[in-house]
Amino acid sequence: MLAGGPPARGGPRPRGGQGKYPCRCPCLVFASLGLPGGLRPEILVGTRPGRLRGSERGSRISGVLPFLSVAPEAVALFERSLDAGSPGGYSAAAVALGRAGRWRDALQLLGSLRGRALAPGLAALTSAAAACERAAAWSGALALLAAAAAARLRPDVMLFSVALSAMEKAARWPLALALLGSMASGRTAPNVVSFTAAIGACGRSGEWPRTLVLLAQMLSSGLRPDAVCCAAAAAACERGAQWSRALDLVLEMQAACLCPGVVGFSVAISACEKGGLWRGAVALLAQMRRRRLAPNALSCNAALAACERAARWASALLR
């Protein structure tokens with residue numbers, strides 16, 4: 001799989017729908033998927049912001065500043081940028097709110113800029129999307145992508161990737177595939193991070209055949225999957241009871257000089273345990289230690305279980 005080329009004939013095919021992700025215009029994707037109630041694009045960015053009187057502007061901003069009590073430095077920067085007539089301080093405030101898990105407040109703060117006739121750019125939208133991503137708030141991330149399209153801003157690969165990561169955390173694989181397809185149709189080439197998030201979204205939902213198709217699409221587009229991407233695909237296969245495929249992916253990673261990492265090794269050891277390969281489980285556990293990777297509870301328990309099944313307690317203890 002990692003050497004390039006499409007899956008072999010007779011290989012896994014996604015259930016239902018096309019083998020490739022759908023390619024659709026971003027605006028059509030957002031319109032067809034729908035937006036959550038109250039998250040209208042024009043509220044977030046204001047396609048035609050109107051200027052308000054000073055007292056109205058002050059009340060609009062003062063209504064959201066209390067949300068920033070978690071980060072006084074961000075409050076000061078945000079206030080200075082507003083005084084200068086710039087939305088530049090919003091990004092720092094959104095990051096602070098995201099760390100506090102207050103993504104709705106980050107969106108409300110973004111909408112408040114409309115009262116100042118300040119149009120947030122892609123940097124502000126990406127910061128707000130990152131706040132949503134931390135909380136797996138896929139609805140907020142989707143609204144921000146729609147807001148960018150409504151404001152005639154072309155979402156870049158970073159904004160798309162952050163939104164895809166939110167879809168991954170929420171296990172919204174149909175949305176992830178639709179967004180991945182909209183990137184291609186909108187002439188925004190997906191990168192490794194984009195594909196990894198889509199693979200993770202499919203894997204969390206048990207759609208392991210789609211993860212292998214996405215890996216093949218990465219290779220055909222000239223992208224080389226990294227260790228994180230391959231580990232996500234291997235985890236999807238292991239979760240789908242395809243332990244031999246999971247183990248093959250991890251072994252191919254090592255052949256391609258990619259360190260599987262703790263996640264990849266744990267997936268491979270678990271696959272060995274399910275396949276009754278106790279020697280493989282013990283060998284992989286030893287490899288982790290040689291690479292100075294601390295085995296986690298999953299890898300240790302899987303190795304012990306593999307040895308227990310084969311009545312090889314001595315091997316487990318010696319390792």
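Computed from a predicted structure; not experimentally measured. Each residue takes its place number in the sequence, starting with 1.
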Distance-only donor-acceptor pairs under 3.5 Å for side chains of residues 152-167, two or more places apart:
from: Arg154; atom 1: NH2; to: Gly186; atom 2: O; distance (Å): 3.4
from: Arg154; atom 1: NH2; to: Arg187; atom 2: O; distance (Å): 2.4
from: Asp156; atom 1: OD1; to: Met158; atom 2: N; distance (Å): 3.4
from: Asp156; atom 1: OD1; to: Leu159; atom 2: N; distance (Å): 2.9
from: Ser161; atom 1: OG; to: Val157; atom 2: O; distance (Å): 2.7
from: Ser161; atom 1: OG; to: Ser194; atom 2: OG; distance (Å): 2.7
from: Ser165; atom 1: OG; to: Glu133; atom 2: OE2; distance (Å): 2.8

Within the 4.5 Å heavy-atom criterion, are Arg204 and Trp173 side-chain neighbours or not? no

When you look at CZ of Arg99, are more than 12 heavy atoms from neighbouring residues, nucleotides or ligands closer to it than 6.0 Å? no

How long is the straight-line distance from CG of Leu215 back to CG of Leu223, given to the nearest 0.5 Å? 11.0 Å

Applying side chain to side chain contact (heavy atoms under 4.5 Å, CB included) to Lys169 and Trp138, what does each step give before you reach the verdict? CA-CA 8 Å; Lys169 291 184 176 180; Trp138 64 270; over 6 Å; no

Salt-bridged, Glu238 to Lys274, with N to O below 4.0 Å? yes

Report yes or no: does Arg210 contribute a side-chain atom to a donor-acceptor pair with the main-chain N or O of Ile199 at less than 3.5 Å? no

Would you say that Trp278 contacts Glu273 through its side chain, given a criterion of any heavy-atom pair below 4.5 Å between the two side chains? no

Working to the nearest 0.5 Å, report the span between CE of Met218 and CG of Asp226. 7.0 Å

Go through the steps to decide whether Leu110 and Leu144 satisfy the test side chain to side chain contact (heavy atoms under 4.5 Å, CB included), and finish with yes or no. CA-CA 10 Å; Leu110 182 67; Leu144 288 161; 3.5 Å; yes

I'd like to know whether Arg134 forms a side chain to side chain contact (heavy atoms under 4.5 Å, CB included) with Trp103, so could you lay out the CA-CA distance, the side-chain angles of the two residues, the decisive distance to 0.1 Å, and finally the verdict. CA-CA 8 Å; Arg134 278 179 171 267; Trp103 66 273; over 6 Å; no

Interatomic distance, Leu298 atom CG to Ser266 atom OG [nearest 0.5 angstrom]: 5.0 Å

For Ala236, does its backbone N or O pair with a side-chain atom of Thr211 as donor and acceptor, under 3.5 Å? no

SG on Cys202 to CG on Leu177, rounded to 0.5 Å: 4.5 Å

To the nearest 0.5 Å, what is the distance between SG (Cys259) and CG (Leu293)? 5.0 Å

Can you tell me how far apart OG (Ser182) and CG (Leu175) are? Round to the nearest 0.5 Å. 10.5 Å

Trace of the side chain to side chain contact (heavy atoms under 4.5 Å, CB included) decision for Asn191 with Phe195: CA-CA 6 Å; Asn191 59 13; Phe195 272 105; over 6 Å; no

